[in-house]
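This report concerns only the one structure given below.
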Amino acid sequence: MDVVLNYLKGNQKRFVEELCDYVRFPSVSAQPKHGEDMTNCATWLVKHCKAIGLEARLCPTDGHPIVLAKTPRKKGARKRHFMVYGHYDVQPPEPFELWKTPPFEPTIRGRSLIARGASDNKGQNLAHLKAVEAYLKTRQELPCDLTFVIEGEEEVGSKSLGAFLQKHREELRCDAVVVSDTGIPSKQHPALTYALRGIAAFEIILRGPDRDLHSGIFGGSVQNPAIVLAQLLAKVHDAQGRVAIPGFYAGVAKLSDFERKQMARVPFNRGAYRKLLGVPELFGERGFTPDEQRTARPTFEINGLTSGYQGDGSKTIVPAWARAKITTRLVPNQQPAKVIKAVRTFLEKNCPPTVTLEIKSGHGAEAYMVSPRSTNAQAALRALKKAFGREPVLLREGGSIPIVNQFQKILGADTLLLGLALPDDNAHSPNEKFDLDLFAQGQRMSALLWRELAL
Ligand code: BES
Ligand code: ZN
């Protein structure tokens with residue numbers, strides 16, 4: 001094992017340079033103009049996987065290609081098989097003007113690498129590849145067989161991966177999936193995440209007049225769809241911060257004492273948290289702590305709100321339409337379709353006849369929860385403790401990785417979520433960064449993990 005860990009230690013400088021090469025690709029899956037960059041990034045990954053000794057190939061899909069890479073299999077040896085999942089696509093970098101350095105020109109400041117995708121998910125993902133490289137290049141036998149699946153559509157709902165898993169389900173059958181695409185509370189708190197929130201996305205479109213109207217000539221005699229939208233959305237929450245849609249909380253389980261105890265192991269400072277987020281005051285559903293609110297309670301968020309004129313100066317109109325992009329985050333026992341139905345009923349009931357209402361439902365996924373007491377989870381906790389030299393904590397997280405449900409359904413495999421992102425990594429925000437100490441520790445954790453999981 002020392003040989004592997006020493007190899008990691010001795011090659012950090014090159015690994016960081018390689019991570020810089022990886023984040024230089026503007027692999028923004030949401031924007032069609034980056035189609036070629038997506039393929040180039042995936043091709044670079046395949047080449048990189050081959051260079052470190054993996055058998056790798058580029059798998060075209062209806063969307064962006066998927067990278068599939070395997071450790072060389074030893075004939076006759078029956079090893080446990082694990083799949084490592086990650087994504088090479090990144091969120092759009094906009095607004096550019098808020099970046100202190102350009103998003104796709106990696107910059108190192110102190111122990112941080114700043115670039116879009118550094119933390120979510122290229123840095124976390126590369127850590128696993130570097131751990132495998134260490135085994136292969138030092139000719140140390142890998143204790144497990146590994147298959148890497150690195151997709152390019154995670155940030156847009158993993159549309160092609162389900163069919164890919166179906167098609168390759170024999171090849172991908174495994175004992176568990178390992179994913180580093182979540183967070184840890186601080187460098188002092190390595191963590192195993194045992195729950196993620198689910199999601200249900202939809203869009204509300206209200207239509208009033210069949211074109212924008214002069215607000216002086218006609219305003220007052222027709223309903224303004226932007227005002228109706230504001231009124232409707234204002235009814236969604238009550239004064240306690242609860243979602244007032246009947247049925248929204250149906251089936252939502254209470255936190256157990258065990259879970260509350262786990263949460264309490266991570267120190268929480270309201271002032272520091274408020275500062276981190278740059279808000280004048282915190283807000284959330286009454287009766288729950290901020291950690292409970294953001295990880296174990298369902299929410300209803302407006303992600304985008306558009307109507308009327310947004311350009312320079314003013315334009316006196318009654319807009320023809322108003323739209324809102326919404327996502328609700330879900331917790332165990334909530335089903336996206338049922339939640340959308342409850343929302344639809346609520347909006348239809350409250351929408352006046354002066355406008356027409358359309359609700360377009362989008363992607364959805366149930367929440368994810370696994371036992372932190374399983375044999376695999378215990379192995380992961382041992383690897384975390386050895387790599388970080390600290391007792392790991394158990395986390396519920398608020399974000400979603402919808403595909404982990406498919407790993408369970410299609411491959412019959414649970415997912416071990418071993419995140420390396422810090423709360424101030426600015427995932428999805430300007431000035432995203434990744435901590436280079438965590439990059440190195442993640443590699444060690446990965447190297448140790450395969451030994452623990454093989455036991
Ligand atoms: N890495 C995140 C998910 C995440 C982050 C989970 C932190 C837990 C803690 C992932 O890249 C992501 O952003 N997922 C999307 C999914 C959506 C597009 C369906 C999300 O959570 O918004
Ligand atoms: Zn993300």
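Ligands are counted one by one from 1 in listed order, and the atoms in each one are counted from 1 as well.
- In this structure, E281 does not pair ionically with R274, as no charged nitrogen and carboxylate oxygen lie closer than 4.0 Å.
- Set against the non-hydrogen atoms of G399, the atoms of ligand 1 under 4.0 Å away are 6 (C), 8 (C), 21 (O).
- Salt-bridge annotation for E292 and R396: absent, with no side-chain N of the basic residue lying under 4.0 Å from a carboxylate O of the acidic one.
- Neither the backbone nor the side chain of T193 has a heavy atom within less than 4.0 Å of ligand 1.
- The Zn ion (ligand 2) lies closest to atom OE2 when only the N/O/S atoms of E155 are considered.
- Taking the six-membered ring for Trp and thresholds of 30 and 60 degrees, W450 and F82 have ring planes inclined between 30 and 60 degrees apart.
- In terms of protein heavy atoms, atom 7 (C) of ligand 1 is closest to T182 CA, 4.1 Å.
- Regarding atom 18 (C) of ligand 1, its nearest protein heavy-atom neighbour is E155 O, 3.7 Å.
- Ring centroid separation for the pair F268 and Y273 comes in under the 6.0 Å cut-off.
- Heavy-atom contacts of H363 reach the following atoms of ligand 1: 19 (C) (cutoff under 4.0 Å).
- When the heavy atoms of S400, G364, S29, P423 are ranked by distance to atom 14 (N) of ligand 1, first place goes to S400.
- Contact atoms of ligand 1 toward H87: 11 (O) (distance under 4.0 Å to a heavy atom of the residue).
- No option in E55, E171, H81 other than H81 meets the side-chain hydrogen bond (donor to acceptor under 3.5 Å, both in side chains) test with T147.
- Within the 2.8 Å limit, H428 places at least one N, O or S atom next to the Zn ion (ligand 2).
- The protein heavy atom nearest to atom 10 (C) of ligand 1 is E154 OE2, 3.2 Å.
- Not one N or O of Q91 is nearer than 3.5 Å to an N or O of ligand 1, by distance alone.
- Comparing L395, D181, D89, V156 by heavy-atom distance to atom 2 (C) of ligand 1, the nearest is D181.
- Ranked by closest heavy atom to atom 21 (O) of ligand 1, the top entry among R197, H428, R329 is R329.
- Using the six-membered ring where Trp is involved, Y85 and H87 have ring planes that are tilted, between 30° and 60° apart.
- Here's the thing with E397: none of its N/O atoms is less than 3.5 angstrom from an N/O atom of ligand 1.
- D435 and S112 are not linked by any side-chain donor-acceptor pair at a separation below 3.5 angstrom, with hydrogens and angles left out of the test.
- Among R297, Q293, Q240, the one residue that satisfies the side-chain hydrogen bond (donor to acceptor under 3.5 Å, both in side chains) test with E285 is R297.
- Atom-to-atom distance recorded for L192:CG and K385:NZ is 15.0 Å, nearest 0.5 angstrom.
- R116 contributes a side-chain N or O that, together with a main-chain N or O of S429, makes up a donor-acceptor pair within less than 3.5 Å.
- Below 30°, between 30° and 60°, or above 60°: for F15 and F439 the angle between ring planes is above 60°, a perpendicular geometry.
- Of all N/O/S atoms in D120, OD2 sits nearest the Zn ion (ligand 2).
- Atoms of ligand 1 lying under 4.0 Å from at least one heavy atom of P402, given by number and element, are 19 (C).
- Heavy-atom proximity to D120, at under 4.0 Å, picks out these atoms of ligand 1: 1 (N), 2 (C), 11 (O), 13 (O).
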